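Note sheet for the following structure.
Below, each value reflects all heavy atoms present in this structure, side chains not excepted, and no hydrogens, waters or symmetry copies. Quick caveat, the model's predicted, so the values are computed rather than measured.
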There are 2 protein chains.
Amino acid sequence: MSRLFGRTLREPPSEAQTPGHQLLLRAAIARPLATGLYTFLPLGFRVARKVEQIIREEQDRIGAQEMEMPVLTPAEYWKETGRWDALEPVTFRTKDHGGREYMVSYTHEEMVMHHARNEILSYRQLPAIVYHFQSKGRDEARPRAGLLRVREFVMKDAYSLDADEAGLERSYAAEHGAYVRTFQRMGLDAISVESDTGAMGGDLAHEFQVLTEVGEDTIAICENCDYKANLEKARRKLPDTAPVVEAAKAAPIATPGVTSIEALEALLKRPASAFLKTLLLRTPKGVVAVVLPGDRESSDAKLRKLLDVPQLAFAGDADFAAAGGVAGYVGPVGLKARIVVDASVERRGYVAGANKKDTHLDNVVPGRDFADAERADVHDVKEGDACPKCGGRLRLARGVEVGNIFAFRTYYADKMNATYLAEDGTRKPFYFGSYGIGVSRAVQTIIETSHDDKGIIWPFSVAPYDVHVVGLPMNDEAVRAAAEQLVASLEQKGVDVLFDDREESAGVKFADADLIGIPFRVTVSKRSLQSKSVELKARASTEAELVSQDVAVDRLVDIVRRAREAAAR
Amino acid sequence: MSRLFGRTLREPPSEAQTPGHQLLLRAAIARPLATGLYTFLPLGFRVARKVEQIIREEQDRIGAQEMEMPVLTPAEYWKETGRWDALEPVTFRTKDHGGREYMVSYTHEEMVMHHARNEILSYRQLPAIVYHFQSKGRDEARPRAGLLRVREFVMKDAYSLDADEAGLERSYAAEHGAYVRTFQRMGLDAISVESDTGAMGGDLAHEFQVLTEVGEDTIAICENCDYKANLEKARRKLPDTAPVVEAAKAAPIATPGVTSIEALEALLKRPASAFLKTLLLRTPKGVVAVVLPGDRESSDAKLRKLLDVPQLAFAGDADFAAAGGVAGYVGPVGLKARIVVDASVERRGYVAGANKKDTHLDNVVPGRDFADAERADVHDVKEGDACPKCGGRLRLARGVEVGNIFAFRTYYADKMNATYLAEDGTRKPFYFGSYGIGVSRAVQTIIETSHDDKGIIWPFSVAPYDVHVVGLPMNDEAVRAAAEQLVASLEQKGVDVLFDDREESAGVKFADADLIGIPFRVTVSKRSLQSKSVELKARASTEAELVSQDVAVDRLVDIVRRAREAAAR
């Protein structure tokens, strides 16, 4: 420790946003070079390497082949799928001095597909899963919480190539299983949830989420069955639709200056569910009106997917004018726009905007007073909603996405004209999946979910060292000699030891040991040597015990051997 | 092999420039994604990993600490040393959407120095050597020969931090020793040569060069002593200076239309050494005239270093006019410019340009007829020159630079104000060194220097697999069963096996085995099974032998164990 590059900090830097972020910095696991750009210091690097090795072993176990694609990826392949433009807002680009363009790679789907169309000629070469660990660039507007959201990180990204849908299902299931084992081995309690495919394309996806307050995702979880979904994708069981209620003719009501659901509730003394809200959005294909019940929030993710846009844009003044809408009083009746009706809108009378200043319409009935031809689920699920599978109660929880898997079917192969010679002599497109785990986010999530108020408590499988040996005091000849002898014996038997050889006080050394969080601490002190023993304490335990010097090495080697066997499972 | 991602090629692609480049592509070691951007396919990745692991073990052995810095590096640190501008022509840059600038890192000296000034407070934390494996971007104008010169590659770069010059010398020597062992272990016959520090700054540097015709560097090697230097840095022992020869007064001679040394030799019937040539260069600090003997070529590298410019620029018409020089007839006499005289110019009469059209001057004597105040060694060494150490004969050879080491003293610390608290209570700058090895260039160099006309011959230490098992034919039940049993038994004992399970002809399979170059090939065939044996052949040997099935596994395990022990040394 006297030469360890990276110093521990007594106080958390002011920028630390979460308990884990504080510990990341205090324990010298990583340091920022700039916003969202981190260096793994030697202690943290050892953790990252162990995380990486667990991922590798589980990929290899399912027959995936490791390779390595570059960070700089030529624009031409991204352009084949349209992602060169689509990913522009979140990626870093560069040019060479000849003017050719490259992306600091966001992922590598296009690159794998390009290699596949050159390397795989025949169905005999399928299936194949390839993967690599490589740095990814993401121009995140708001990096946060240490390594949870950064601008550069190493991702393990795997890609499956199959001859048909059944093959893809097998590869997807194999990766799903590998992910379950991977996270379990690194001490993360990750659950698999249905997720949106977002910027990736395709139609089936799962995320592995670790539930923690510091997470930025929201997960809907059924309290009764196994349904779990990211809020971006979560559905709910809608109440049985009541028969269409006969309603009086739609009629204007004066609502001067009242432009929000809350204000309407107060003015008309009716619940939020009595109203319709209408969002006017601008898309490349024209203005779209989205109609939702007043007690429901729209889902950005569902709308982006429905409208096939990377970002939502609200309509401007010209759009309102063209559609015949009036801001604050917009409603579906008489509106000249494509109208999308949320699935939870019932076929009964609502109060809706009249497209006239200071006026709403009462008794507006979908399908009678405005077109109800395009229905879609575009609202967010709420705590207490009914599970779409079993009707049970849904709860919402915060989570960190530590892994994701996507089944694209032939989405990429079609766009990139990537085919192989099938057994029947025809050319067929590759069925494709991709599977990602961010190494540094996994490290940060382990810290977030495995610590106490004194510091990190590393799971043995990813701890930077097995044993932390503390000599107290180091200027005592007998202590130094005994401590050095212990370290040498342990290292000679393959135990990884962090040796606190500094001339610091017991307080400083124990505080650092708790902060850094190596699973087992062994203290060699003047006092312990008086009884020819050393003090052994597990980081996760409050109990310390004296172990005779004679058996200390054998005891520790045995503990480490057992812990390694457990970690390899 | 039936599922191996990456197919072997019968014929070398037309772009392949060297024998190793052909084999790199044919054996499916790597594939280009774009000019100078390569993917390591699974076979090649295994080689790269082994090369990396050898480098890692030798770094760890000298106490270096592994960490990981990002690829994207903020401009601010590069600007502290001036390299943001200096490296512009050879680097890739990017901006985030907020306009902040980053370099796809060229190396990481500035980043390490930034971390050091934050992490290392006191002399007690010194010395420290840190290193990482990370992708580097180089906007090479002419990528060449596969992985020999590329635009992105993984480099192991190590950095030493010391309290004083003696410490730096120890760190430098430790890295030098680590490099010797590293290259020896990976089967590269690398020699250490003095080298120029180039864009890195500092004043002491060595390169590790592997001599091969495909190299793009030229090395001067003494045939008598241990002197070895890159041509960019190589010196020679100058002949003893004859006493100054009395020469007649300088006098013009008519040389109409004669503007080259060759033409002057022909016209005046005198040897090239009778003339002086004068180069007029433009630098940010004004025009510089460089005067050399007519039989010597100027050294670009030595001139760049002397003039402190990244690129040489010849003077333009305006410069000639201002200096009073005439193109084709420029000479040092009367020239209004800073004059640098090459160390090999003797103090005797020469023929030089007269700065007047169609005219030269005879009997021009340095120091008498023009200023001889600034002397410098700015000429290239030639084959047959005298060694500067012992006077022996220098020969020139081509080489590939597989590693380089630099001692910077306090160059970076001074520019970045990076100091530590010294034992005497004062703040002192870090003594700094950096040490690089490119992983992919090492892989390509191994191929260039270890192959025959059939394919690669991997040194055991870096071979993608230990043993290549060939089943012939695979549609024979007995052969398939015996081959699968052999593979399973070997793998169970920790031997890495590439199994050619394809239904291909013996010709195709043996050609691929020779091409891919695994150290040991074992063939299980109908014929070998008739004598209850398998055929064993080392790739580097022409002899095959039959080994009884009973003992084949034990024999191979033993061979592999011995080879691994040898490779670990």
> Under a 4.5 Å heavy-atom cutoff, which of B:M111, B:E503, B:R56 has the most pairs with chain A?
Replying inline: B:R56
> Can you tell me how far the CZ atom of A:R7 sits from the CD1 atom of B:I120, to the nearest 0.5 Å?
Replying inline: 10.5 Å
> Which answer fits A:V71, side chain, backbone, both or neither, if we ask what part of it has an atom under 4.5 Å from a heavy atom of chain B?
Replying inline: both
>> Ignoring hydrogens, what is the shortest heavy-atom contact between B:F5 and A:M67? Give both atom names and the distance.
In response: CD2-SD, 3.8 Å
> Can you name the closest pair of heavy atoms from A:L33 and B:P74 and give their distance?
Replying inline: O-CG, 3.7 Å
>> For A:F153, which atoms come within 4.5 Å of any heavy atom of chain B: side chain, backbone, both, or neither?
In response: neither
> What part of B:I129 lies closer than 4.5 angstrom to a heavy atom of chain A: side chain, backbone, both or neither?
Replying inline: neither
> Distance from A:T35 atom OG1 to B:D96 atom CG, nearest 0.5 Å?
Replying inline: 8.5 Å
>> Looking at chain A, which one of B:G6, B:A128, B:A34 has the largest number of heavy-atom pairs inside 4.5 Å, strictly under?
In response: B:G6
> Counting heavy-atom pairs under 4.5 Å to chain B, which of A:R151, A:R46, A:K95 comes out on top?
Replying inline: A:R151
>> As an exercise: rank A:G63, A:A30, A:S122, A:A116 by heavy-atom pairs under 4.5 Å with chain B and give me the winner.
In response: A:A116
>> Please report the interatomic distance CZ(A:R49) to CD(B:E66), rounded to the nearest 0.5 Å.
In response: 5.5 Å
> Minimum heavy-atom separation for A:H115 to B:T39, with atom names?
Replying inline: NE2-OG1, 2.8 Å
> Checking heavy atoms, do the side chain of B:F45, its backbone, both or neither come under 4.5 Å from chain A?
Replying inline: side chain
>> Looking at every heavy atom in both A:Q65 and B:R3, which two are closest together, and how far apart are they?
In response: NE2-O, 2.7 Å
>> Counting heavy-atom pairs closer than 4.5 Å to chain B, which one of A:H132, A:R124, A:E88 comes out on top?
In response: A:E88
> Under a 4.5 Å heavy-atom cutoff, which of A:R100, A:R93, A:H114, A:R502 has the most pairs with chain B?
Replying inline: A:R93
> So, for B:E68 and A:V154, which heavy atoms are closest and what is the spacing to 0.1 Å?
Replying inline: OE1-CG2, 3.7 Å
> So what's closer than 4.5 Å to chain A heavy atoms on B:L43: side chain, backbone, both or neither?
Replying inline: neither
>> So for atom CZ, which belongs to B:R10, do other residues, nucleotides or ligands contribute more than 12 heavy atoms lying within a distance under 6.0 Å?
In response: yes
>> Minimum heavy-atom separation for A:L37 and B:Y102, please, with both atom names.
In response: CD1-CE2, 3.6 Å
>> Please check this pair: side chain of A:E152 against backbone of B:P70, looking for a donor-acceptor N/O pair closer than 3.5 Å.
In response: no
>> Heavy-atom pairs under 4.5 Å with chain B: which of A:G137, A:P127, A:A28, A:A48 has the most?
In response: A:P127
> Between A:E76, A:M69, A:Q134, which has the largest tally of heavy atom pairs under 4.5 Å with chain B?
Replying inline: A:M69
>> At a heavy-atom distance under 4.5 Å, which candidate from B:L41, B:T73, B:L121 has the highest pair count against chain A?
In response: B:L121
